[in-house]
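Some notes on the structure that comes next.
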Amino acid sequence: MKRTLPSHPLRNFRIIVGVTTFVAAQTCLAFDPHEWRNTQALDVPAKGLVRVNVPAATLDAAQPGLEDLRIVDSIGNQIPYLIERLLPGPESKMRPAEFRSTIENGATHLILKTGTSAPIIGLSLETPATHFMKAADVEGSNDGRTWIKLAGGDSVFQLGNGATKLRVSFPEGAWQFLRITIDDLGSPPIPFSGAHLHKARTTAPAEAVAVTIKSRDESPGTTRLALDLGAANLTLGSLRIESNEPVFTRAVTLAVPEVGDDGIRERNIADNVIYRVNVNGKNEAHLEVQLESEIHTRELLVLVRNEDSPPLSIDNVRADRRLVRLTFFANQPGQYSLLSGNSQCAPPHYDLSALSGKLRNATAMDVVPLALAPNPNYKPPEALAAVTLTGAQIDVAKWKFRKLLALTQGSVQQVELDPELLARSQPDQRDIRIVHGDYQLPFLFERTSLSRPIGLNAAAANDPKKPALSRWSLKIPQPGVPITRLVCTSSSPLFHRQMRLWEEVLDERGDKFASELGRATWDQTPNSPKRDLVIELNARPQSDRLFLETDNGDNPAIELRDFRSYYPVTRVVFKATPDPAQPVWLYYGNLDATAPRYDLALVAGELLRAERGTVAAGPEQNLSSKPSFVGQTLTGSTRYIFWGALALVVIVLLAIMSRFLPKPQQQ
């Protein structure tokens, strides 16, 4: 047992008397500890105030807002507690009272009159310059005559790739004046327009989080990491991305999956730039992304923007979490219990807020809870099993296609919708159903930031009548595949081209016309890094053949290769149990279907947080051998033959009918 530093004895006595009176009045609240799934023993050695740092496993088992945490004594009475999230205070900034700049003897001299007696830990410079690298010295003084060196040779820079460092840190101290000397011997001087002074902020304890990289996916220009934090409901302080590459700069976005009205979406929670660069012979690195955010799922997504650079080598990802602390008063020594895992309970209402400031500073015993264990008296079934996740009956006669979902275990499942299924379903997937027997299984769509490649068969399709035009024919696996991006590479060293992507579609009369899908400008010079052509499609292709073309003007034709296309990944998340007698099917292909509406609001959060099994959809089964419209099955010359034969039949019928019409009488 570890004790904190003692506070004033009389003040601590008054706090204990106040808390004891309050606890005595509230330990008989109506309460049934058997409704909680998990328990942890707290061995309290003596009467008095007790503090408990809540373990990550307890946070993972609790509700997102920790409203289900309860402390009970040995006979099952509820004990009021105060909960604290230990967060650092925000770092404050202020403008100096005066700012002067002079240039002399190959250096820029900045003199700041701080105008404060508060301790300062650093300063940030302001400049309109966008590309520079400088070395800076910082000195402090309280009389403007005697100077003490605080930092020497520190780098300040701003690079075109997003790497920026305009802050110089130094030991905490109070200074009336600061002098910054910028070395201009290696490069021309740049203007500095102002500065901010950084005051010290309060610190907060943190502990390391065991982060696991669950998956790494590469999309054009982006690396996507799915991280397992080991527990949900953590307050992350920062995330550090470790790479052994000597020089790099990358923009990084952190995101979390979140349930919305249209399913599971990814919400961005932080943006930053990480880098490792060499500035004036000195290595500078910034690999951390500051968060100070509550993450209510075990999964955290990291999107690394590579742009035209190769994917960044990532060796490891580290994180730290802020602590959560419970403080309560023990009337007597003995074993207490910390309960968690009740998704149906309301948050407790303890009137300890008036004492919160005093309790935080009072002397208390630190007690470490034992390991999380199942509550032996817990009877109700698991929340997801208690709620019937079955929808209404369904008549699948109007659905044209289905795929078997071969389940191997009963749990929350996810299935990724493949290109074949996406091509035959409605654009918004409103016709998709998960069916078990005669009933629907409710599900959530998960719209991800992932992209999957689809192969293209490319061939030259130049028009002899237009020699200045280069055209390529691109064959995709089937009509309607929802590709959103086309990428290709060129071996030509120098060119400037406007690229256009289009397809041939049929109008209402069956005539073909060109429908543009996207366009982009593409430049390449011998001295610049090779850049792929990337065209973002503004519409979903209707056919299985696309055309890419460019006007070469009076220039030689460019050569293209490595054609790729990409489609966004959509998953379906549901809960089901294997049943050999009644397999689970995924149905799609119903033009008349409307979007399903399921009562998933109560368990959507648990579906999101639960560990999922991955299910692969089986081969497609065509349930409709007859086409819906004759015109949809006739293309090319067959269509013209059909309509020509139909016209001939009509003419013959008209000729026959004319023979039976009465002839006009002769006058």
Side-chain angles (χ1 to χ4, degrees), residues 37-38 56-68 209 211-215 217 224-236 253-270 291 293-303 319 321 340-345 381-391 405 407 409-417 429 432 434 440-450 568-577 595-615:
R37 186 182 296 114
N38 309 303
T58 310
L59 298 174
D60 184 55
Q63 291 190 47
L66 309 184
E67 53 264 45
D68 58 331
V209 175
V211 178
T212 303
I213 301 178
K214 294 196 306 181
S215 63
D217 295 276
R224 182 183 187 271
L225 302 179
L227 306 181
D228 185 352
L229 302 176
N233 304 321
L234 302 182
T235 301
L236 293 189
T253 298
L254 304 185
V256 292
E258 190 172 77
V259 177
D261 294 337
D262 59 345
I264 302 172
R265 294 279 185 177
E266 296 174 7
R267 178 174 63 88
N268 295 345
I269 59 173
L291 276 168
S293 299
E294 295 179 31
I295 310 299
H296 294 308
T297 64
R298 294 172 59 102
E299 186 176 62
L300 178 66
L301 305 175
V302 181
L303 306 177
R321 75 173 182 98
S340 59
N342 184 339
S343 61
Q344 305 300 319
C345 72
E382 182 183 338
L384 278 179
V387 179
T388 303
L389 292 182
T390 302
L405 301 180
L407 308 183
Q409 57 185 8
S411 64
V412 177
Q413 317 278 353
Q414 69 177 22
V415 57
E416 184 174 311
L417 305 183
Q429 290 87 52
I432 286 179
I434 307 293
Q440 304 178 51
L441 293 181
F443 62 85
L444 292 173
F445 282 117
E446 182 178 24
R447 316 286 183 178
T448 75
S449 57
L450 287 169
V569 171
T570 299
R571 299 184 182 125
V572 171
V573 181
F574 62 100
K575 185 169 188 273
T577 301
R597 293 180 295 174
Y598 301 123
D599 295 330
L600 276 174
L602 295 177
V603 292
E606 292 195 43
L607 281 175
L608 175 63
R609 295 175 56 192
E611 290 294 321
R612 307 176 196 169
T614 300
V615 182

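Start at 1 with the first residue, then count along the sequence. All figures in this text were calculated on a predicted structure; none of them were measured in a lab.
Side-chain contact between Leu254 and Asn268: absent, with no pair of heavy atoms (C-beta onward) separated by less than 4.5 Å. Residues Leu300 and Ile269 meet the side-chain proximity criterion, which asks for heavy atoms closer than 4.5 Å. With a 4.5 Å cut-off on side-chain heavy atoms, Leu301 and Leu225 do not count as touching. Arg321 places none of its side-chain heavy atoms less than 4.5 Å from the side chain of Thr235. Two residues are said to be in side-chain contact when any heavy atoms from C-beta on lie closer than 4.5 Å; Asp68 and Ser343 fail this criterion. Counting only heavy atoms from C-beta outward, the side chains of Thr570 and Phe445 approach each other to under 4.5 Å. Leu417 places a side-chain heavy atom less than 4.5 Å from the side chain of Gln429. Proximity of Leu407 to Gln413: side-chain heavy atoms (C-beta onward) are separated by under 4.5 Å at one or more points.
Note that CG of Leu236 and CG of Leu229 are 5.5 Å apart. Values are rounded to the nearest 0.5 Å. One distance of note links CD1 of Ile264 with CG of Leu608; it measures 5.0 Å at 0.5 Å rounding.
Checking side-chain atoms of Asp60 against main-chain N and O of Ala231 turns up no donor-acceptor pair under 3.5 Å. Distance alone, capped at 3.5 Å, is enough to place a donor-acceptor pair between the Glu67 side chain and the Gly65 backbone. Put simply, the side chain of Glu266 gets close to the backbone of Ser449: a donor and an acceptor are under 3.5 Å apart. Listed for the Thr212 side chain is no donor-acceptor partner under 3.5 Å among the backbone atoms of Lys214. Side chain of Ser293 to backbone of Leu291: a donor-acceptor contact under 3.5 angstrom is found. With Gln63 contributing its side chain and Asn342 its backbone, the two residues share a donor-acceptor pair below 3.5 Å. Between the side chain of Asn233 and the backbone N or O of Ala62 there is at least one donor-acceptor pair closer than 3.5 Å. A donor-acceptor contact shorter than 3.5 Å is absent between the side chain of Asp217 and the backbone of Leu450. Side-chain atoms of Arg571 never come within 3.5 Å of backbone atoms of Gln414 as a donor-acceptor pair (strictly under, hydrogens ignored).
A salt bridge is absent between Arg612 and Glu299: the closest approach of a Lys/Arg side-chain nitrogen to an acidic carboxylate oxygen does not fall below 4.0 angstrom.
Nearest heavy-atom pair, Leu441 versus Lys575, reported as atom, atom and distance to 0.1 Å: CD1-O, 4.2 Å. Between Pro442 and Phe574 the shortest heavy-atom distance is O-CB, 3.5 Å. The two atoms that bring Gly613 and Gln409 nearest to each other are CA-NE2, 4.2 Å, heavy atoms only.
Qualifying salt bridge (Lys or Arg N to Asp or Glu O under 4.0 Å) partners for Arg265, counting only residues two or more places apart in sequence or in other chains: Asp262.
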- Query: Does the pair Val209 and Leu234 meet the rule for a side chain to side chain contact (heavy atoms under 4.5 Å, CB included), with working shown?
  - Reply: CA-CA 9 Å; Val209 175; Leu234 302 182; 4.1 Å; yes
